[in-house]
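Read the numbers this way: they start at 1 and go in the same order the structure lists the ligands and their atoms. Below, all heavy atoms of this structure are taken into account, side chains as well, without hydrogens, waters or symmetry copies.
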Amino acid sequence: MSADIEKVKCLIIGSGPAGYTAAIYASRANMSPVLYQGLQPGGQLTTTNDVENFPGYPDGISGPEMMIQLQKQAERFGTDIRNGWISKVDFTGPIHKVWVDGEKEVHADTIIVSTGASAKYLGLPSEQHYLSNGGGVSACAVCDGFFYRGQDVVIVGAGDSACEEAGYLANICNSVTMLVRKEEFRASVIMEERVRSNSKINILFNSEIEEVQGDGNVVTGITVKNNKTGEFHDVACTGVFIAIGHKPNTDIFKGWLDLDETGYIINKPGSSKTNIEGVFVSGDAADHVYRQAITAAGTGCMAALDAERYLAAKGLH
Ligand code: NDP
């Protein structure tokens with residue numbers, strides 16, 4: 001092996017709650033984990049203002065602050081946390097090879113994939129403004145819906161997620177306006193029927209957001225464009241939820257790990273194991289259903305335990 005190639009027992013890819021929890025468990029089990037943070041250190045939670053649903057924080061905590069604490073906790077037990085992006089992998093043999101930033105080669109006995117998923121957004125400047133300042137745009141109703149209780153909100157999307165989140169919001173908000181860009185839903189029939197029969201949800205078909213309005217700090221409404229008639233009208237609201245899908249960050253694993261049609265990694269049921277021995281998955285990279293910080297952390301723990309058992313069974317630990 002070339003002197004330039006680094007050999008590690010446990011390599012963790014990704015720095016959201018899944019990756020850091022895996023790191024805490026792996027480092028406490030003396031697996032000397034190395035964690036590469038990826039392009040967005042801290043993951044999706046760094047774009048969340050207040051986290052109020054993670055057990056143990058009775059007063060809530062900001063997403064970025066929570067990720068700093070998780071990082072510190074992983075470092076406390078000796079996790080080697082590094083900047084860097086895994087650009088390529090090769091899982092041909094028992095030694096799993098990865099390349100960092102297209103250059104450095106690392107060989108790992110075990111790999112824990114915690115690369116997460118990214119919410120899709122419309123891409124409007126006004127949407128991005130009120131997303132980044134926490135002023136009223138969100139991609140997670142379960143995370144942020146509570147802040148809009150009793151208020152009027154808008155949700156964009158027509159898939160199962162949008163329907164599920166519209167129902168969730170209808171339970172806590174005054175009204176929900178749902179924008180569907182086509183004349184029909186994409187969601188399953190049962191989900192669509194639930195939305196249609198909910199008197200608090202007003203569905204606007206052939207409708208897209210032209211602009212998110214606000215006072216610079218918080219959202220006050222949206223301009224809606226009817227893409228059939230070309231007409232515009234305004235809807236007053238304080239929250240705008242974007243539910244147009246997620247993209248799992250799994251492109252580099254194509255051809256190596258079994259992925260579903262959207263790109264989510266398929267894990268062996270009830271475990272973090274993938275189709276490749278010694279490669280484990282945790283967090284949103286394998287989860288299109290729950291997508292919560294707490295579930296990501298739980299599966300991060302599972303992946304570290306599975307990796308430790310794998311190393312022990314192979315006599316590597
Ligand atoms: P989907 O890809 O299924 O749906 C995305 C929706 O967003 C579509 O209706 C699409 O519209 C719309 N959309 C995409 N881009 C835009 C845009 N730029 N402007 C406006 N609308 C847009 O994503 P989901 O997250 O809903 O679901 C992902 C997977 O997870 C699915 O397989 C789903 O079945 C599953 N799921 C299952 C649940 C359950 O069973 N309880 C709950 C949640 C998700 P269009 O239809 O026009 O393309």
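- Counting only heavy atoms of the protein, atom 23 (O) of ligand 1 lies nearest to G245 CA, 3.8 Å.
- Using modelled atom types, no side-chain atom of N267 and backbone atom of S272 make a donor-acceptor pair closer than 3.5 Å.
- Scanning the protein for heavy atoms near atom 48 (O) of ligand 1, the closest one is R186 NH2, 2.6 Å.
- For A162, no nitrogen or oxygen atom sits less than 3.5 Å from a nitrogen or oxygen atom of ligand 1, counting backbone and side chain alike.
- Ring geometry, F91 versus F253: the interplanar angle falls under 30°, so the pair is classed parallel (tilted spans 30 to 60°).
- Regarding atom 33 (C) of ligand 1, its nearest protein heavy-atom neighbour is D160 OD2, 3.5 Å.
- Between F146 and Y168, the gap from one ring centroid to the other reaches at least 6.0 Å.
- The shortest heavy-atom distance from H288 to ligand 1 is under 4.0 Å.
- Between R149 and E52 there is no salt bridge, since no side-chain nitrogen of the basic residue lies less than 4.0 Å from a carboxylate oxygen of the acidic one.
- Between A158 and ligand 1, at least one N/O pair is under 3.5 Å apart.
- Counting heavy atoms from C-beta on, the side chains of T223 and Q213 come closer than 4.5 Å.
- Comparing S188, A139, S161 against atom 26 (O) of ligand 1, the shortest heavy-atom distance belongs to S161.
- Residue D109 forms a side chain to side chain donor-acceptor pair (under 3.5 Å) with just one option from H317, K7, K9, and that option is K7.
- In this structure, atom 41 (N) of ligand 1 lies nearest to the protein heavy atom E164 OE2, 3.0 Å.
- Put simply, the side chain of N275 gets close to the backbone of D258: a donor and an acceptor are under 3.5 Å apart.
- Annotation for ligand 1: atoms under 4.0 Å from non-hydrogen atoms of L122 are 17 (C), 18 (N), 19 (N).
- Looking at R291 next to ligand 1, no N or O pair under 3.5 Å apart turns up.
- Between K88 and D90 there is no salt bridge, since none of the side-chain N atoms of the basic residue sits less than 4.0 Å from a carboxylate O of the acidic one.
- Residue-level proximity to ligand 1 for V156 is carried by the side chain, the only part with a heavy atom below 4.0 angstrom.
- For atom 31 (C) of ligand 1, no protein heavy-atom neighbour is present inside the 4.0 Å cut-off.
- The presence of a protein heavy atom under 4.0 Å from atom 36 (N) of ligand 1 is confirmed.
- Looking only at heavy atoms of the protein, atom 16 (C) of ligand 1 is closest to R181 NH1, 3.4 Å.
- Considering every non-hydrogen atom in both M178 and A166, the closest pair reads SD-CB, 4.1 Å.
- Taking a cut-off of under 4.0 Å to the non-hydrogen atoms of K182, the atoms of ligand 1 that pass are 45 (P), 46 (O), 47 (O), 48 (O).
- Of the listed options I244, V180, V289, I244 places a heavy atom closest to atom 12 (C) of ligand 1.
- Nearest heavy atom pair, residue Q292 against residue T295, reads O-OG1, 2.9 Å.
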